[in-house]
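Just so we're clear, the structure is a prediction, and the values are computed from it rather than from any experiment.
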Number of protein chains: 2
Amino acid sequence: MKKMNMKELAKELNVSIATVSKALRDSHEISGLTKKKILEMASKLNYTTNPYAGSLRNKKSKTIAVILPEVADSFFSLAINGIQSVAEKKGYHVLIYLSHEKYSNEKSIVGECNSGRVDGVLISISSETTNPDHILKLQKENIPIVFFDRNFEGLNISSVVTNDFESGYLSALHLIKNGCQNPVFLSISSSLGICNKRAEGFRSALIEKKTGRIKNPVIICSGTYQEINSQIKKLLTGKIRPDGIIASVDRLAMSVYLICRETGISIPNELKVAVFSTMETAPILNPPLTTITQPAFEIGRIATELLFKKIEKKAFSVVDENIILPSFLIERTSTAAS
Amino acid sequence: MKKMNMKELAKELNVSIATVSKALRDSHEISGLTKKKILEMASKLNYTTNPYAGSLRNKKSKTIAVILPEVADSFFSLAINGIQSVAEKKGYHVLIYLSHEKYSNEKSIVGECNSGRVDGVLISISSETTNPDHILKLQKENIPIVFFDRNFEGLNISSVVTNDFESGYLSALHLIKNGCQNPVFLSISSSLGICNKRAEGFRSALIEKKTGRIKNPVIICSGTYQEINSQIKKLLTGKIRPDGIIASVDRLAMSVYLICRETGISIPNELKVAVFSTMETAPILNPPLTTITQPAFEIGRIATELLFKKIEKKAFSVVDENIILPSFLIERTSTAAS
DNA sequence: CCTTATTACGAAACCGGTTTCGTAAATAAA
DNA sequence: TTTATTTACGAAACCGGTTTCGTAATAAGG
């Protein structure tokens, strides 16, 4: 079947293309009767308007890009839901890109966004990203950008993040209060601002409470799944063992749990564990896992609302806003006082 | 800064637009020297080609749509990864749409796809969908479609699914073998083919082994999170209680676990539980949860490869393939023999 | 009845590329 | 040297809409 278009539709009704276009957009220039006839014929002939033709003329794609490191853990799943909920209300389309935590990927994806393909960009930067030039270039081209969760510090760009320093601080206090003498923080990147802030908060609490005999209580866990496992195993079975762990992501806490099970280390008696995570299974783990839970859906939702504020008022160049949403420490058995 | 385009670029170099276009696409019609000059100037002036202009002319969007019910549980996250891995290799863009398990949403989303916006559609249907007309309409417009995971039976459309009947059958046998006399299957929809096939397999095993005193061992759990919880609570504390449960999705198993914890029902002694799920935390739950794990990433990957086969050979109209990938029953403590 | 305003529509430019086709100049074959 | 090819490029149509502007017909005002 040949694809129906406006020209065909206009020919069918003996009117001009302009009239059809206006009728379909409900212009006041077209009489009610004509509109009705055109609408009917359009539906009868299964006409659908080609979105790219309009994009070309109006320089509006009705599309946003979401760039994220991975869609593996539940945080980004929830964030995507928050993003979609707004986009869909606005009639916008959502393109998803994954950087796989690689700077090079992120750079080329961001480059792609600078072409009229999208009207705005939501981005959570990769753990490798230390140079913001690709993002600044996008900004210079006047494309609205909003960071969510993982932002790049020091740029004049809107962001929606959690209270990372404070959460790190409070989680450390929580461990200390419940009896930990040697807590450590497991990070996934030494360059990721969000991790560093959590780690800084954590460190501050240790200093303030004069706790911890380990010189550097912030440990970077990187590499493959296997490498991380063996790194954690070495940590938990080494000479100077921690008695408390704050994991910065799901995966690290899971490694800790698996290794404790394997080596017979008892949680929370020998080791207390908490994690920055939105995982739903935390309450039914063995033992139930204390989480610092980020409002993932809200982060996505609010970031997207911010983005649309910028897209819609582009001409007035909205001031950038940096919104901080609080995470919640949910205490469960894994950090219970011994 | 004004947006750079081909016309500007051509003017800058005193060549025609056609020459610029051909040079950028590395046409043999353009000499090496000219190409070099054009490439250099393009990069110097930060030229990026407008994708929609090309789409319009070539009727190729280099974009696919992925329509899914939710992105909540880990299955779809993994599937998205599989999809992206192929799309990204092909230089394609991925639009994500969520139907939120609503037929009306799915219908309007599918309608959107029929406009040249995308070159192909990957879809996992909503649990409400019983009428395939919207999908058939898309097919009639000659847009390549592939079902993944949740397909609509009886259509002449490619699909990649798991061995649902067999998995249901084997999971029931597993429960029976380990001592269950009254197993039930918790479904989320009475219309979803995938659930029904699992349930059918389950039912077959019960009949074959002459097991189960409950008339209808397939229970539809629907409604809000709260409603499902109370439904399951009633089931587990009622007069005729099951001693084994196969949950068709993550959420149902989680409900079961929470209610067992709340009511003191012991897993696996009083109740054995298994779930169709890809959740990573299954081994560290309390107790470790037996799963029937679908190859989610592979389903996404292979479905996307099938889709591209159809996109690339559209003219020859590739025969539809229905690929069945096996799930794996991973035995853990939650179904251990008592 | 004449003038002005309004209504309803069409012609054509335009968005930013791609592609076909024509052609002058350079090169190769006869 | 003449003819046939090849090379390198430009003019213009085209993709499918949107929008500006012009205009004939009708309505309103004086």
Closest of D/dC9, D/dG17, C/dC15 to the A/Leu56 side chain is C/dC15
Assign A/Ser55 to base, sugar-phosphate, or nothing according to its heavy-atom contacts below 4.0 angstrom with the strands shown.
-> nothing
Of all the choices, C/dT19, D/dA8, D/dT19, which nucleotide is nearest to the side chain of A/Lys22 once you look at every atom?
-> D/dT19
Sugar-phosphate, base or nothing in reach of A/Ser115, heavy atoms under 4.0 Å = nothing
From CZ of B/Arg57 across to P of C/dT18 the rounded distance in Å is 10 Å
Should A/Glu40 and A/Lys36 count as side-chain neighbours, where that means a heavy-atom distance under 4.5 Å?
-> yes
Between B/Asn58 and C/dT19, is there a side-chain N or O to OP1/OP2 distance below 4.0 Å?
-> yes
Give one of base, sugar-phosphate or nothing for B/Ser21, where a contact means two heavy atoms less than 4.0 Å apart.
-> base
Phosphate OP1/OP2 of D/dA8 contacted by B/Thr34 side-chain N/O (<4.0 Å) | no
Base, sugar-phosphate, or nothing: which does A/Val15 touch, judged by heavy atoms less than 4.0 Å apart?
-> sugar-phosphate
Out of D/dC21, C/dG17, D/dG16, which nucleotide sits closest to the side chain of A/Glu29?
-> D/dC21
Roughly, in whole Å, what's the span from NZ in A/Lys59 to P in D/dG17?
-> 20 Å
Given atom OH of B/Tyr52 and atom P of D/dG16, what is their separation to the nearest angstrom?
-> 17 Å
